[in-house]
Amino acid sequence: MASPDNIVVIRDLTKRYSQGDIEVTALNRVSLNIATGEFLALMGPSGSGKSTLLHIIAGVDRPTSGECHVQGVDVARLNESQLADWRNQNIGFIFQTFNLIPVLTAAENVELPLLLTQLNRSQRRKQVAAALDLVGLSDRSHHLPRQLSGGQEQRVAIARALVTDPALIVADEPTGNLDSHSAQDVLTALQSLRRDAGKTIIMVTHDPKAAAFGTRQIHLEKGELS
Amino acid sequence: MTIPTFILKNALRNKRRAILSISSVAASLFLLVTLQVALRELTLPPESAGAELRVAVRNRISLTNPLPVRQRSLIEKIPGVAAITPFTWFGGKYKNEGGMTFAQFAIDPKALGTVFAEAKMDMTGYQTFVAKKDSCVIGKITADKYDLKVGDRFSLDSTVYPGSLTFEVAGIYSGTPDDRNMLFRQDYLDDSIGMPGYVGMWWLKVTSPEAMPGVIATVEKSFANSSAEVKAESERAFQLGFISMLGNIRMLVASISTVVVFTLVLVAASTMSMSIRERFRELAVLKALGFRRRELFAFILAESFGLSAAGAVLGIGTAYVLYTYGNISQMTHGILISFEVTPRIIGFAALVAALLGIVSAIAPSLAVTRMSVVQGLKTLD
Ligand SMILES: Nc1ncnc2c1ncn2[C@@H]1O[C@H](COP(=O)(O)OP(=O)(O)OP(=O)(O)O)[C@@H](O)[C@H]1O
Ligand SMILES: [Mg+2]
C-alpha cells in the first residue's frame, strides 16, 4: 500500500468533533498520497478542515477513523510519549503566528528542538548556524524575536523546523501574518528547502499566489478533497 | 543554551513578578522563622548548667502564697538534698521606672555557691555578699543597663512589702542563661520590712539527677496535710508551668504560622498558575516540537521550586543573620535575651519552602497535561 516514494499515505481519514448533540465532520473519508520531495499546497475555504488534516499528519491530533501513515508509521498507533519523540525526529512545524519564545534569541529558539537530542553543545551550535544560514539570517542569531521583522521571525521559525533535519515540514498558513514582500522571502526559503535539502513540505494557505510556489495544489471543501 | 538556562530565562522573563514572588516568599518565611524562634525561646527557656539538679518548692495553692521557714530544717534532712535556699520575690521598682525591668529575689547568700553555682562572680564579691547584710549581687545585663558598679548604693521601692530598701552592690555575676536578676539577702528582708518566718518559695539542689524524683515525692509528702502544702517540681517543669500562665502561646503562634503558610501557598500557587497560563501557547509549541509532558512538568516544577528556593534563601538567611549576629537583647530592650535560629527551625522553614515549590506547580502542571497541542495553539497570547 505504501509505495516507497510516498512519504504520506492517507486512507479514508475521518475526523468528527461532537459538541453535545451537534456533530461536526471536519474531515470526511479523505484519501491522499504525498510523494517524497513534494511541496504540497493545501487550499480551501475557512473551516474546510485544512488545519485538522495537517495536525493529524503531524501527530498532534488523532483521527476518528481511517489511517494516516507517515514514512510507513501508523501515527495514530503511537502513544503520547512515542508521538512526542516521533514529532521531534520527523516533523518540522511552522505556525501562522511564528510562535517563537520571546525570551530566547533567534539562535536559542532554533536550538530548542535539539535540546531533546543526544547532540553535544558544539554539534548543536553547528546545526543551528547551518539552519540560520539556510534561511539567510546568520547575522541575526543573537537578536530577540521582538528585534526582528515578521518575515525574519517566520524564517527563524523555519530554521527551527528544519534544524533537526526532519523528513516532513508542515506549515499552517506561514504567510498569513506577513506582508507580500516578507511572504515572498518565506516562500522562497521553503522552496529552497525542498529543492536544496530534499524536504517534503505540506503548506496550508488561502493565498493562490503562495500556493503557486508549491509543486502541487489540492483543495479541501467541507472536509472532502475536491 | 542548555535546559537549565532555558528554565532560568523563563523564570526571570517577568522580572518584576519574579522579584515580587521571591520577596513574598522571603517575607513570609522570615516571619515564620521569627515566630518559630520566638515560640522556642518562650516555651523552652534556656537550660542552665545546674537545672537538672534543681527543684522548685512552692506553696500548693499558688506561687504568691508564702511558705513557713520551719520547713527548711525538715527539707534539709531529706536524703538526696544537697542545699536549700529561700527565694522570695521582692517586686521592687528601680528609681521611678514605670514597669519592673529586672526581678529581685531574697536568698541565702551561701546559695550562690551551691544552688546557683553556675552564676560566676569573683571571690571578693562573694565574700562581701556573705559578710554584709545589706549587700546584693546583680546580673551583668542589668548592671550594664543601669551602669551599676561594685560599691554603688541604690534603693528599691517594693510593691510587695511596705517601704523601700537600700542595697550596696557586692558583685556582678554572669554565666546564667539570663543574667538579669538581682539577688539579696533574706535576713536583710526579714530584719527590715519583710515578713519574718515566711519565705516566697524554696530552691533545692539535689545530689544527683537520679535522686530528684525521690526528693520531689518526699518533699511533697512531708508537708501533706500541713497548713502549707507544697508542690515540688524540677526547674524545667516549674518554668514550663510559668509559661502556661502566659496563656496558650504555643497555640497562638501555631495558628499564626498556619495562616502565614496558608496565605503563602495561595499567593505562590496563583502567581505560578498565572505565569504558566500566559505561556500556554508556548508550552503547546514545545509539545509540538517534541517535548514530553514530563519534560514540561520538570520545567514548571523547576521554575516554581527555584522561585521558592530563592525566597527561602533570602528570608531564612536574613532571619539567620539578623538573629545570630544582631544584638537581640538590645533590639528588644531586654525582653528577649537570646534568639537562636536552630537547624531544626531552618529545616522546618526550608521544608515549607520546598512544599510550596511543589504545591504551586501542581495546578499548572495538571493544566498543561490536559492541554492538547491543537487546543494550546488556539489560545491567544
Ligand atoms: N476542537 C474543536 N471542536 C469542535 N469543532 C472543531 C474543533 N476544531 C475544529 N473544529 C471544526 O472543524 C472544522 C475544520 O476546522 P479547521 O480548523 O481544520 O479548518 P481550517 O480549514 O483550518 O479553517 P481556517 O482556514 O479558518 O483555519 C471547522 O468546522 C471547525 O469548526
Ligand atoms: Mg486552519
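Proteins come first, then strands; the chains are lettered A, B, ... in the order of their sequence lines, and each starts at number 1.
For the pair Thr164(A)/Leu289(B), no side-chain contact is recorded, criterion being any heavy-atom separation below 4.5 Å from C-beta on. Looking at heavy atoms from C-beta onward, Glu108(A) lies out of side-chain contact with Thr5(B) at the 4.5 angstrom threshold. In this structure, Leu377(B) and Gln96(A) have side chains that are not in contact, with every pair of non-hydrogen atoms separated by 4.5 Å or more. The closest side-chain heavy-atom distance from Arg293(B) to Glu80(A) is below 4.5 Å. In this structure, the side chains of Glu282(B) and Leu100(A) stay at 4.5 Å or more apart for every pair of heavy atoms. Side-chain contact between Asn88(A) and Phe291(B) is absent, with no heavy atoms from C-beta onward closer than 4.5 Å.
When each of Val103(A), Leu116(A), Val60(A) is checked for heavy-atom pairs under 4.5 Å with chain B, Leu116(A) comes out on top. Highest contact tally toward chain A, considering only Val373(B), Leu12(B), Asn10(B), Val285(B), is held by Val285(B) [criterion: heavy-atom pairs under 4.5 Å].
Contacts of Leu112(A) with chain B are made by both backbone and side-chain atoms, with heavy-atom separations under 4.5 Å. For chain A, the nearby part of Leu286(B) is the side chain; its heavy atoms alone come within less than 4.5 Å.
With values rounded to the nearest 0.5 angstrom, Arg292(B) atom CZ is found 10.5 Å from Gln82(A) atom CD. Atom-to-atom distance recorded for Glu295(B):CD and Ser81(A):OG is 9.0 Å, nearest 0.5 angstrom. Here the CE-CG distance, from Met1(B) to Leu115(A), works out to 4.5 Å after rounding to the nearest 0.5 Å.
The number of heavy atoms from other shown groups lying within 6.0 Å of CD (Gln19(A)) does not exceed 12. In the displayed structure, Tyr320(B) atom OH is contacted under 6.0 Å by at most 12 heavy atoms of other residues, nucleotides or ligands.
At distances below 3.5 Å, at least one donor-acceptor pair connects side-chain atoms of Arg87(A) with backbone N or O atoms of Lys287(B).
Neither side chain, Arg121(A) nor Thr2(B), offers a donor N or O lying under 3.5 Å from an acceptor on the other.
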